[in-house]
Amino acid sequence: MGDEARGLSEDVVDVLVVGAGFGGMYALHKLRGLGFSVRVLERGHGVGGTWYWNRYPGARCDIESLEYSYSFSAELQQDWEWTQRYPTQPEMRAYAEHVADRFDLCPHITFGVAVTTAAYDEDGGCWRVGTDAGDLITARFLVLATGVLSAASVPQFPGQERFRGRIVHTGSWPEDTEVDGLRVGVVGTGSSGIQVVPHLAERAGHLSVFQRTANYSISAANQPLAPAYLRDVKARYPELREQARRSFTGSTVPINRQSALAVDEEERNRRFEERWALGGFAFLGSFDDVTRDPEANRLAARFVEDKIRAAVDDPATAELLVPAGHPIGSRRICVDTGYHATFNLPHVRLVDVRRAPITGLTEAGLRTADGEEHPLHLLVLATGFDAMTGSFVRIDVRGRGGVTLREKWADGARTYLGLQTAGFPNLFTLTGPGSPAVLCNMFLALEQHVDWVADLLVEMRERGARTVEPTVDAEQDWSGQVARAAERTLYPQADSWYVGANVPGKPRVFLPYAGGVGKYRRICEQVVADGYRAFVFDADLTVV
Ligand code: N01
């Protein structure tokens, strides 16, 4: 991939796509294939989005490579050779670059340019988009493929400016980050922290892990992919992909339809062990009601808690690592390789910053409320993201009447199907709030959204329609459906990024649609079958 920022050869396009991650790349390929002029603007210097930026040691996908990949091209699917069950970040990035080359995407992507503003021109019926490089682009349609876990959440600690060490965030990891032999601290024990800690422990002289909330983590059971298994999957790919699209989670691993309460303890533990050995997210599907019934959930949680106690030598450290106060799965479950056992190493220390919170940074390290100073050369912030809305509202997006998306979503993001929001015609949010996105296999979610948007744009071309947006009523109704789907689970009980609890001041609204990807897909299909029910085209507009 060339690093040069390719100059904008045109400043008027049919579709402007923001972001060259896997959503933006597919949108570019698909829409160009349908005859639309498309330009992609990408702030990074290469394709891959999340997999371009998250270069921290140990970064690895927690969904299986054979499922977490494009399904739109049978040839690509057959040709690309995944090497491991869970792909590493370099492998994901190599895949992105292969796709970009194969489908000749780069000539249509401008790299190294961040979109800063996007204003809807009501008279012109188009979007006027500005960048940090001073470009101005006019587009009829604006597709925000900016990612739902891409706007970093970076705490500011008192005294930070005095700290003489280096501070890095896992979500934009500089490749020249030195670790070997240094005193390293990690703040955050979510998926990123849990992945990076064992790798930092291998290289650091001393590692302090500052934990505020312990999370449930399932062993990945990662392994190289056996050639016979690869052949079998490739032979059955169309059938497997369709099965995943129609499933609850976007995966072919089935949920056991029994209740955890309907079997005796021996059978229950046998099932849990079986799923534990399988590794990863499949554990939550041990029984049908693990994510819905408090008692079933408690039994699953207790099983995982015992695994943690068994992995950690020091009983006090083990108890600190045992999650408390939230149902298993209600915060996004983590998938790890050797995380808990890392705390058996003599140079690794778990610091409880729930008991003694971080009070700030000093010249030499990090200070906690019990007065202790933890000397550090490198502070790693594995502190997560302003999830599902951050990357959209960080752009100054202004719809009808100059209303910003941030203002519109001040009391909680409202969308219709996670795809569009009223008052912002011809604007699409790929895997936006209100879609299942983060609760499933992101590739399937992105492909479904891009295909859906592409069909809509073709429909508009055929109708001669100029603009499209949903009605306010449809949006309210969909927000209600999203809330009700969440209420049928235990998810809303936790303070998690699913509800925006990790970002100070963010309204508490459960953001993803928890009704299952199969059901969501059927709803989207039915909306189309009903003539794009509750979407308003052109002059019919009576909303906002
Ligand atoms: O972020 P997180 P993440 N002081 O929000 C802590 C995806 N992902 O980057 O919980 C002290 O989960 C915070 O503590 P608390 C995946 O969907 C996927 O790890 O607020 N601590 C928490 O422990 C994932 O869920 C992959 O008490 C502070 C941590 O930082 C999502 O991205 C890999 C703090 C943040 O955890 C986000 O994961 C990585 C403070 N001031 C990520 N501020 C894979 O595919 C924050 N924390 C494998």
| request: Would you please say whether a donor-acceptor pair under 3.5 Å links the side chains of Tyr68 and Asp62? | output: no
| Salt-bridge criterion met for Glu178 and Arg203 (N-O under 4.0 Å) | no
| query | Would you say the side-chain atoms of Asp289 pair up with the backbone N or O of Ala260, donor to acceptor, closer than 3.5 Å? | reply | yes
| request: Check whether any side-chain N or O of Tyr339 sits under 3.5 Å from a backbone N or O of Gly193 as a donor-acceptor pair, and report yes or no. | output: no
| Tyr52 six-ring face occupied by Arg55 cation (under 6.0 Å, within 45°) | yes
| query | Quick one: are the ring centres of Phe428 and His449 less than 6.0 Å apart? | reply | no
| query | Is there a donor-acceptor pair under 3.5 Å between the side chain of Thr249 and the backbone N or O of Asn441? | reply | no
| query | Do the ring planes of Phe283 and Trp276 sit parallel (below 30°), tilted (30 to 60°) or perpendicular (above 60°)? | reply | perpendicular
| Counting N and O atoms only, with roles assigned by atom type, does the side chain of Trp452 sit under 3.5 Å from a partner on the main chain of Cys524, one being a donor and the other an acceptor? | yes
| task | Report yes or no: do Arg241 and Ser69 form a side-chain donor-acceptor pair below 3.5 Å? | result | yes
| query | Stepwise, does the salt bridge (charged side-chain N to carboxylate O under 4.0 Å, His left out) test hold for Asp306 with Arg309? | reply | CA-CA 5 Å; Asp306 287 345; Arg309 291 189 182 99; 3.2 Å; yes
| Do the side-chain N and O atoms of Ser73 and Arg102 include a donor-acceptor pair separated by under 3.5 angstrom? | no
| query | In terms of ring plane angle, is the pair Tyr416 and Trp478 parallel, tilted or perpendicular, where the classes change at 30° and 60°? | reply | perpendicular
| query | Would you say Tyr70's side chain and Phe22's backbone share a donor-acceptor pair under 3.5 angstrom? | reply | yes
| Counting only N and O atoms by type, is there a donor-acceptor contact under 3.5 Å from the side chain of Arg85 to the main-chain atoms of Ala220? | yes
| task | Report the relative orientation of the aromatic rings in Phe287 and Phe272; use parallel for angles under 30°, tilted for 30 to 60°, perpendicular for over 60°. | result | perpendicular
| field | Test side chain to side chain donor-acceptor pair (under 3.5 Å) applied to Ser251 and Glu67, step by step | value | CA-CA 7 Å; Ser251 161; Glu67 298 198 321; 3.0 Å; yes
| query | Do Trp80 and Tyr95 have their ring centres less than 6.0 Å from each other? | reply | yes
| Can any side-chain N or O of Glu42 pair as donor or acceptor with the backbone N or O of Gly44 at less than 3.5 Å? | yes
| Criterion side-chain contact (heavy atoms from CB on, under 4.5 Å) on Val253 and Phe281, from CA distance to verdict | CA-CA 9 Å; Val253 181; Phe281 289 113; over 6 Å; no
| query | Distance-only, no hydrogens or angles: does the Ser65 side chain make a donor-acceptor pair with backbone N or O of Gln84 under 3.5 Å? | reply | yes
| said: Looking at Glu266 and Arg270, is there a salt bridge between them, counting it only when a charged N and a carboxylate O are closer than 4.0 Å? | reply: no
| Value rounded to 0.5 Å, distance of CD in Gln195 from CG in Asp336 | 9.0 Å
| Quick one: do Glu273 and Lys307 make a salt bridge, cutoff under 4.0 Å? | yes
| When rounded to the nearest 0.5 angstrom, what is the spacing between CG in Asp101 and SG in Cys106? | 6.0 Å
